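Read the structure below first, then the notes.
Just so you know, these numbers come straight off a predicted model, no measurement behind them. Residue numbers begin at 1 in each chain, while the letters A, B, ... track the order of the sequences.
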Protein chains: 2
Amino acid sequence: MRIGELSERTGTPRRLLRYYEEQGLIKADRLANGYRDYDEAYVDRVLQIRGLLDTGLSTRIIKQILPCLNKPREIHFDEATPETLALLASERDRMTARIRCLTRNRDAIAEYLEMVSRA
Amino acid sequence: MRIGELSERTGTPRRLLRYYEEQGLIKADRLANGYRDYDEAYVDRVLQIRGLLDTGLSTRIIKQILPCLNKPREIHFDEATPETLALLASERDRMTARIRCLTRNRDAIAEYLEMVSRA
DNA sequence: TCAAACCTTGACATCGGTGTGAAGGTCAAC
DNA sequence: GTTGACCTTCACACCGATGTCAAGGTTTGA
């Protein structure tokens, strides 16, 4: 599919799809005329990227963790340097902290709304 | 406590403490000489703000949800307009989505690291 | 009384994610 | 063939969070 369809199906401006490519998060094949050509799997991939961006991760971090997210069952030996593994571990921990923070505060909002709706 | 101490105890640049105040997230008393004066509770408050910022919420949203986070057990009638309640509900849902996204991806990272450590 | 370590406000800079528009190539349909 | 809807690259602009620095006031201690 071309960029317009991917854009519509993911709700993502074309501008950003090109930006994510520039940042190394996605890679598009090219048709004979130079148009980008994405396959089906990119719909989910882009959605995943947007979700992660929305939770506060940077494109730089996302780029590092994406490979192990897509096929967690295989090791990417070229990527499995000690530095990368350390980054993954630290990012895992930061995500856990974020989850705790979000959960705590969301529950407080939910509780508040419950209270209001009872009053 | 003055701004320097709050800064140290929260690991937050003074610049940002002033910025959060400018955005209406915190409010400082003033000493006779004009210095900001914070009480103990602001340590947690600032930490909470930073945590939320880190999870992708904007200062604008944080400002809206803070009142109901601090004392969820009491209703702030002046704030309980239909618009505010709708915003709270929508923000609660967005946070839930973020939690799901973070959890899924963190678990994938964790699984990958487990695998690598076994190999 | 002077220095050092605080504090104040204000302004301008940076950085990452996004918006927008220009100038131009491709292709399908009428 | 011309129009309209796509696509390309490039560039400049914006916004929010943050860094940094200037110019100046206050307090503490040598």
Nucleotides bounding contact with chain B, strand DNA chain D, heavy-atom threshold 4.0 Å: D:dG16 to D:dT27

Touch class at under 4.0 angstrom, heavy-atom based, for A:I3 against every strand present: sugar-phosphate

Atom CD of B:Q23 with >12 non-hydrogen neighbours under 6.0 angstrom: yes

Nearest-Å distance for atom pair CD1/P, residues A:I61 and C:dG16: 12 Å

Whole angstrom value for the distance that separates P of C:dC7 from CZ of B:R30: 12 Å

Electrostatic pair B:R18-B:E22, nearest N-O below 4.0 angstrom: no

Phosphate contact (C:dA11 OP1 or OP2) by B:Y19 side-chain N/O below 4.0 Å: no

Nearest-nucleotide 5' precedence on DNA chain C, A:S58 against B:R2: B:R2

Any donor-acceptor N/O pair, A:T96 side chain to A:R92 backbone, under 3.5 Å: yes

A:Y42 (side chain) donor-acceptor with A:K27 (main chain) under 3.5 angstrom: yes

Between C:dC15 (P) and A:Q23 (CD): distance, integer Å: 13 Å

Heavy-atom closest contact (B:R98 atom, B:G56 atom, distance): NH1-O, 3.8 Å

B:R18 side chain near C:dA11 phosphate (N/O to OP1/OP2, under 4.0 Å): no

5' priority, DNA chain C, between A:T59 and B:R14 [closest heavy atom]: B:R14

Intermediate values then yes/no, salt bridge (Lys or Arg N to Asp or Glu O under 4.0 Å), B:E21 and B:R14: CA-CA 11 Å; B:E21 178 175 334; B:R14 289 144 226 249; over 6 Å; no

Short side-chain N/O contact from B:N33 to OP1 or OP2 of C:dC7, under 4.0 Å: no

Rounded interatomic separation in angstrom, taking CG from A:L31 and C1' from C:dG25: 14 Å

Distance below 4.0 Å between B:R36 side-chain N/O and C:dT8 OP1 or OP2: yes

Separation of atom CG in A:L17 from atom P in C:dG17, rounded to whole Å: 15 Å

For atom CG of B:L6 and atom P of C:dC7, their distance in whole Å: 10 Å

Exam field: side chain B:S7 to backbone B:I3, donor-acceptor pair closer than 3.5 Å: no

Rounded distance in Å - CG (B:L57) to C1' (C:dG17): 17 Å

OP1 or OP2 of C:dT20 under 4.0 Å from side-chain N/O of A:R15: no

